[in-house]
Amino acid sequence: MELRLISRPLMVRAAVVLSFAASVAVADDSNWPQWRGPLHTGEATRGNPPLEWSEDKNVRWKVEVPGLGKSTPVVWNDLVFVTTAVATETPIAPAATPAPAAEGSRRGGGPPLPAPKPGNLEYVVQAHNRSDGKLRWRKVVKVQAPHEGAHKDGSFASGSALTDGERVYAFFGSRGLFALDFKGNLVWEKQFGTMRTRLSFGEGASPVLHGNALVVNWDHEDQDFLVALDKKTGKELWRAERDEPTSWATPIVVTSGGKPQVIVNATNRVKSYDLATGKVLWEASGMTTNVIPSPVSAGGMVYLMSGFRGSALIAVRLADALGDITGKSAIAWSYDKDTPYVPSPLLYKDGLYFLKSNSAVLTRIDVATGKPSYTQRLEGLTNVYASPVAVAGRVYVVGRDGVATVLEAGPEAKVLATNTLGDGFDASPALADDEMYLRGQKYLYRISKD
């Protein structure tokens with residue numbers, strides 16, 4: 001018998017994969033089951049997608065997706081799932097406009113809400129064959145007019161679906177959370193009310209799944225909460241009231257000291273909640289306004305950041321995090337430059353990768369020291385909303401204009417390839433086996449070797 005020693009970073013990643021696999025029907029890390037992948041970090045643990053592609057090279061298939069959605073595809077075995085919002089003339093009554101908050105309330109009445117966007121929308125979940133892109137099934141889960149507008153670069157299908165291998169959970173914010181089986185049948189749905197987002201920028205956070213619990217972050221301009229649901233029935237397990245302005249950050253679940261905890265990035269306070277009870281375990285002073293990036297975690301550390309009208313990044317040592325950790329040793333290090341507005345960070349091996357605001361300026365930080373390895377402008381890219389991903393020792397950054405840069409992972413900014421497609425990309429890539437799935441403004445692409 002051959003005895004092989006496993007390095008600590010590999011042991012950490014393996015433990016995270018096993019922890020997630022325990023909550024799904026099939027332990028298969030070749031899938032991309034949720035926003036930011038199997039580890040919640042942007043890393044695929046295996047696979048070798050192409051280094052180069054174009055409309056004429058390494059595009060196995062592309063299919064048109066009707067409507068508009070900015071959500072990431074999710075992949076499970078032979079299916080790729082996407083969500084979208086499609087204009088329709090179906091005569092369904094518009095959603096009720098929420099009343100303005102009373103004067104003197106938590107955030108005041110504020111300006112009146114804009115008129116609803118004209119027309120009704122179909123809120124749709126689609127399943128495509130992974131092999132050829134053909135539509136397996138299409139399910140309209142709701143038909144309704146939006147109660148308020150969205151950011152000019154946003155959509156009404158911005159939250160990403162997720163799957164446990166048995167069901168698909170699709171979240172459309174104010175339109176609800178829907179559980180479907182793998183044939184497209186509705187199992188249950190849950191409504192949470194109507195969001196009032198800051199400046200009507202729209203809704204965009206995704207749920208997170210751990211074990212039997214689905215967790216939804218509901219931070220907006222009225223009463224906020226974090227809620228955990230039974231994934232089988234949609235029944236509410238607990239609800240924790242919060243006091244935050246609108247955020248678009250998807251929570252993560254990590255386990256420390258044998259206890260799963262939900263970590264939520266936010267403007268006023270960063271907080272961690274006991275997954276079993278909803279009780280606050282630790283908290284720290286918050287991030288900048290308009291928090292969007294999701295936290296990432298590995299090796300007993302969690303990294304939280306935001307970058308609108310300022311830059312904030314903290315590295316929290318989970319073993320020491322209890323109560324208010326602001327200014328205490330549980331914060332291992334912090335950084336105050338070049339952090340992202342929209343894209344979430346990538347945590348890969350010993351590096352933390354993130355973009356400056358929404359630009360093509362990439363920073364890599366050594367997670368052990370908190371020191372930057374480089375800050376580099378990526379030539380050919382302009383604006384970036386999609387979050388970077390990594391596999392096979394490579395980092396992939398996809399821009400809004402269809403240009404993508406592939407870099408060698410590591411302490412030097414070594415560009416390996418620059419690729420272009422004839423579509424624009426705001427949704428983050430999904431990686432599965434030797435394939436990459438890109439959801440554009442118009443098309444869904446499978447990138448794999450010809």
Side-chain angles (χ1 to χ4, degrees), residues 35 69-71 85 95-117 123 146-160 171-177 191-208 215-227 239-252 262-271 273 283-295 304-312 339-344 357-358 385 387 426:
W35 163 244
K70 302 300 178 79
S71 53
T97 299
E103 186 176 353
S105 68
R106 221 165 45 86
R107 278 186 281 278
L113 289 172
K117 292 180 72 68
Y123 298 87
H147 65 284
E148 64 179 16
H151 191 279
K152 65 180 180 64
D153 294 334
S155 78
F156 293 97
S158 291
S160 298
F171 184 50
F172 292 98
S174 294
R175 307 289 78 82
L177 174 63
Q191 308 297 320
F192 301 98
T194 305
M195 275 193 172
R196 287 183 65 209
T197 60
R198 183 173 187 263
L199 300 176
S200 295
F201 275 175
E203 307 168 18
S206 305
V208 64
V215 182
V216 172
N217 180 25
W218 195 266
D219 286 348
H220 67 137
E221 298 304 295
D222 269 324
Q223 184 58 57
D224 312 319
F225 55 85
L226 185 74
V227 62
R239 180 178 294 218
E241 301 298 325
R242 291 169 53 77
D243 184 10
E244 290 290 342
T246 305
S247 74
W248 296 265
T250 297
I252 62 169
V262 186
I263 301 173
V264 186
N265 199 12
T267 296
N268 292 339
R269 306 289 288 176
V270 170
K271 289 187 178 182
Y273 299 81
E283 60 184 291
S285 58
M287 298 278 113
T288 67
T289 303
N290 289 8
V291 171
I292 299 177
S294 298
L304 302 107
M305 64 181 69
S306 67
F308 178 66
R309 295 181 179 174
S311 295
T339 51
Y341 181 15
V342 172
S344 290
S357 186
N358 300 325
Y385 283 177
S387 304
D426 290 344

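Interatomic distance, R309 CZ to T289 OG1, rounded to the nearest 0.5 Å: 7.0 Å.
Remark: S357 engages no residue in a side chain to side chain donor-acceptor pair (under 3.5 Å) (not counting sequence neighbours). In terms of the salt bridge (charged side-chain N to carboxylate O under 4.0 Å, His left out) criterion, R198 has no residue partners (sequence neighbours excluded). S206 meets the side chain to side chain donor-acceptor pair (under 3.5 Å) test with no other residue; sequence neighbours excluded. Contacts of F201 classified as ring pair (Phe, Tyr, Trp, His ring centres under 6.0 Å), with partners at least two apart in sequence or in another chain: H151. Residues that satisfy the side chain to side chain contact (heavy atoms under 4.5 Å, CB included) test with S155, not counting sequence neighbours, are L68, K70, A157, S158. Under the rule for a side chain to side chain donor-acceptor pair (under 3.5 Å), W248 has no partner lying at least two apart in sequence or in another chain. Residues that satisfy the side chain to side chain contact (heavy atoms under 4.5 Å, CB included) test with S311, not counting sequence neighbours, are T339. Residues forming a side chain to side chain contact (heavy atoms under 4.5 Å, CB included) with S344 (at least two apart in sequence, or on another chain): W35, R36, P293, S294, S387. Contacts of Y123 classified as ring pair (Phe, Tyr, Trp, His ring centres under 6.0 Å), with partners at least two apart in sequence or in another chain: F172. In terms of the side chain to side chain donor-acceptor pair (under 3.5 Å) criterion, residue partners of Y273 (sequence neighbours excluded) are, by chain and number, R242. Under the rule for a side chain to side chain contact (heavy atoms under 4.5 Å, CB included), the partners of V227 that lie at least two apart in sequence or sit in another chain are F192, V216, F225, L229, E236, R239.
Side-chain contact between H147 and R175: present, with at least one pair of heavy atoms (C-beta onward) separated by less than 4.5 Å.
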Applying side chain to side chain contact (heavy atoms under 4.5 Å, CB included) to V215 and L226, what does each step give before you reach the verdict? CA-CA 7 Å; V215 182; L226 185 74; 3.7 Å; yes
Derivation of the side chain to side chain contact (heavy atoms under 4.5 Å, CB included) call for V270 and V264: CA-CA 6 Å; V270 170; V264 186; over 6 Å; no
